[in-house]
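Scope of the values below: all heavy atoms of this structure, side chains included, with no hydrogens, waters or symmetry mates.
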Amino acid sequence: LAQSTQVVQSPFFIETHGLIIARLIKLDEFDVDEGTLWARLLEWSAVAIQKPELLGPFADAAPCQPVKRAKPLSDDSRGMGPSELAQQGAILRLMSKHIRFAEMSQ
């Protein structure tokens with residue numbers, strides 16, 4: 001897939017529908033640094049939780065109650081409350097089977 005890195009780094013990536021994200025991460029031809037991809041998937045999942053219409057096949061990742069605005073647990077939580085963080089974790093678990101973690105730098 002031509003220009004895979006530019007696709008992931010595009011500002012539009014985090015606004016992409018989950019069906020497209022799911023198809024991209026399953027492609028062997030989607031040649032992008034795994035660390036970069038994972039970082040962008042973290043960003044995408046945080047945005048998609050706030051905009052459920054983006055979730056697509058990840059909509060049922062975790063049976064969550066409607067999102068509540070709780071205090072963030074830490075500075076790294078990007079303003080998400082406990083239920084949002086749980087849903088993000090469930091989404092990322094579904095995606096993780098398609099990420100080549102062995103190729104990520106530490």
Notebook entry, point to check: What's the verdict on side-chain contact (heavy atoms from CB on, under 4.5 Å) for Phe12 and Val7, showing C-alpha distance, side-chain angles and the deciding distance?
Noted result: CA-CA 8 Å; Phe12 300 106; Val7 169; over 6 Å; no
Checklist line | Pair listing, side chain to side chain donor-acceptor pair (under 3.5 Å) test, anchored in residues 17-27, at least two apart | finding: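 Every candidate side chain to side chain donor-acceptor pair (under 3.5 Å) pair involving residues 17-27 fails, so no pair, neighbours aside, qualifies.
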Rounded distance (nearest 0.5 Å) linking atom [atom1] of [X] with atom [atom2] of [Y]:
X: Lys97; Y: Ile25; atom1: NZ; atom2: CD1; result: 9.0 Å
X: Arg40; Y: Thr16; atom1: CZ; atom2: OG1; result: 9.0 Å
X: Gln9; Y: Leu37; atom1: CD; atom2: CG; result: 11.0 Å

Item checked: Joint hydrophobic cluster, Phe13 plus Leu19, side-chain heavy atoms closer than 4.5 Å ->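 Different hydrophobic clusters.
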On a heavy-atom basis, which atom in [X] and which in [Y] lie closest, and how many Å separate them?
X: Ser4; Y: Glu29; result: OG-O, 3.9 Å
X: Leu54; Y: Trp44; result: O-CZ2, 3.4 Å
X: Ala22; Y: Phe58; result: CB-CZ, 3.8 Å
X: Pro57; Y: Gly18; result: CD-C, 3.5 Å
X: Gln88; Y: Ser45; result: NE2-OG, 2.9 Å

Notebook entry, point to check: Going by heavy atoms in the side chains, are Val8 and Thr36 under 4.5 Å from each other?
Noted result: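 A side-chain contact exists here, since the closest heavy-atom pair is under 4.5 Å.
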Checklist line | Close side-chain approach of Phe30 to Val32, heavy-atom, < 4.5 Å | finding: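 Yes; the side chains approach each other to less than 4.5 Å.
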Check: Residues in side chain to side chain contact (heavy atoms under 4.5 Å, CB included) with Pro52, at least two apart?
Finding: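 With sequence neighbours excluded, Pro52 shows a side chain to side chain contact (heavy atoms under 4.5 Å, CB included) to Leu55, given in chain and number order.
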Next item on the list: Check the pair Ile99 / Leu41 against side-chain contact (heavy atoms from CB on, under 4.5 Å), numbers first and verdict last.
Entry: CA-CA 10 Å; Ile99 305 299; Leu41 291 174; 3.7 Å; yes
Item checked: Donor-acceptor pair, side chain of Arg93 and main chain of Ala61, under 3.5 angstrom ->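 Flag not set: sc Arg93 to bb Ala61 has no pair under 3.5 Å.
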Note to self: Would the distance check show the side chain of Glu84 and the main-chain N or O of Ile49 forming a donor-acceptor pair, the cut-off being under 3.5 Å?
What the structure shows: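 Flag not set: sc Glu84 to bb Ile49 has no pair under 3.5 Å.
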Next item on the list: Assess whether side-chain contact (heavy atoms from CB on, under 4.5 Å) is satisfied between Lys51 and Glu15, documenting all intermediate values.
Entry: CA-CA 9 Å; Lys51 298 179 178 180; Glu15 296 286 335; 3.0 Å; yes
Item checked: Residues Leu92, Leu42; criterion side-chain contact (heavy atoms from CB on, under 4.5 Å); working and verdict -> CA-CA 8 Å; Leu92 293 170; Leu42 284 169; 3.2 Å; yes
